[in-house]
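Note sheet for the following structure.
This one's a predicted model, so the numbers in the text were calculated from it and none came from an experiment.
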Amino acid sequence: MKFEFSVDENEAHPPSGFDLGHMDVRGDAGEASSRNRTPDRAMMIYLSLTLLLDGLRRFLEGRDRVHATSAVDSSFSLSFRRRRDGSVETVHEDAVVDRSSAKELATAVHAGAEEFASSHLPLLSADDAGRQDLETSLAAFGALLARLT
């Protein structure tokens with residue numbers, strides 16, 4: 001499973017924590033993307049990634065059977081369904097994208113988020129709220145991943 005996050009190539013400078021971008025998810029059973037859709041599904045990527053990390057962390061730490069996350073300023077969404085065997089299905093528009101363990105899902109999301117953060121967060125000012133929120137969410141998600149390992 002692989003998660004990729006990117007800033008839209010049409011975003012104006014200087015960069016901001018409110019920039020639009022895209023989410024691409026590839027799994028064993030399919031893929032989901034906010035790209036090339038009508039209407040456009042570009043999202044406020046920094047804020048959407050923060051919501052994904054925080055919501056998925058609470059879901060994986062808890063006992064809920066289903067968690068849905070929606071992107072900020074976009075109709076793009078993903079759902080996560082916990083199965084009886086403990087595995088988690090990643091779902092987009094009622095289609096299963098992947099079935100994986102909680103650890104595999106957390107690892108994939110964290111890897112994609114870290115890759116995005118390492119290349120894009122340094123471009124934002126240190127006092128940018130989108131940057132600060134994403135840094136906090138990444139740290140909390142990293143702590144969850146360490147507990148799952």
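A donor-acceptor pair under 3.5 Å links the side-chain atoms of His92 to the main chain of Ser77, judged by distance alone. Side-chain atoms of Arg131 come within 3.5 Å of backbone atoms of Leu124 as a donor-acceptor pair (strictly under, hydrogens ignored). Remark: side-chain polar atoms of Asp98 are not paired, donor with acceptor, to backbone N or O of Thr90 under 3.5 angstrom. Asp19 places a side-chain N or O within 3.5 Å of a backbone atom of Ser16 that can act as its donor or acceptor partner.
Distance CD/Glu89 to OG/Ser100: 9.5 Å, rounded to 0.5 Å. A distance of 9.0 Å separates CG in Leu144 from NE2 in His110, rounded to the nearest 0.5 Å. In this structure, Ser33 OG and Phe76 CZ are separated by 6.5 Å, a value rounded to the nearest 0.5 Å. If you take CG on Leu49 and CE on Met43, they are separated by 9.5 Å, rounding to the nearest 0.5 Å.
Side-chain contact between His120 and Tyr46 is present, with heavy atoms from C-beta onward closer than 4.5 Å. Annotation: side chain of Thr50 is not in contact with side chain of Phe141 (no heavy-atom distance under 4.5 Å). In this structure, Thr149 and Lys103 have side chains that are in contact, with non-hydrogen atoms separated by less than 4.5 Å. Contact check for Val25 versus Glu4: no side-chain heavy atoms found under the 4.5 Å cut-off. Two residues are said to be in side-chain contact when any heavy atoms from C-beta on lie closer than 4.5 Å; Leu134 and Leu121 meet this criterion.
As a member of the Ile/Leu/Val/Met/Phe/Trp/Tyr network built from side-chain separations under 4.5 Å, Val72 groups with Phe18, Leu20, Met44, Leu47, Leu51.
Closest heavy-atom contact between Asp128 and Gly17: OD2-N, 3.0 Å. Annotation for Ala42 and Asp8: closest pair CB-OD2, 4.4 Å, computed over non-hydrogen atoms. In plain terms, the two heavy atoms of Ala117 and Pro122 that are nearest each other are O-CD, 3.4 Å. Of all heavy-atom pairs between Ile45 and Ser6, the closest is CG1-O, 3.8 Å. Closest non-hydrogen pair, Ser87 versus Asp85, comes out as OG-OD1, 2.6 Å.
Screening residues 104-122 for salt bridge (charged side-chain N to carboxylate O under 4.0 Å, His left out) gives no qualifying pairs among residues at least two apart or on separate chains.
Under a hydrophobic clustering in which Ile, Leu, Val, Met, Phe, Trp and Tyr are joined whenever their side-chain heavy atoms come within less than 4.5 Å, directly or via other members, Phe80 and Leu148 fall into the same cluster.
Around the CG atom of Asn36, the shell of radius 6.0 Å holds no more than 12 heavy atoms that belong to other residues, nucleotides or ligands.
Separation of the Phe116 and Phe3 ring centroids does not fall under the 6.0 Å cut-off.
Each of Lys2, Arg35, Arg41 was compared with Asp24 under the salt bridge (charged side-chain N to carboxylate O under 4.0 Å, His left out) criterion, and only Arg35 meets it.
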Could you go step by step and tell me if Met1 and Asp28 meet the side chain to side chain contact (heavy atoms under 4.5 Å, CB included) rule? CA-CA 7 Å; Met1 173 161 231; Asp28 290 339; over 6 Å; no
Identify all side-chain donor-acceptor contacts of residues 55-67 below 3.5 Å with residues at least two apart in sequence or on another chain.
unit_1: Glu61; atom_1: OE2; unit_2: Arg147; atom_2: NH2; d: 2.4
unit_1: Arg65; atom_1: NH2; unit_2: Arg82; atom_2: O; d: 3.4

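Defined by atom type and a distance below 3.5 Å, a donor-acceptor pair is present between the side-chain atoms of Ser34 and His22.
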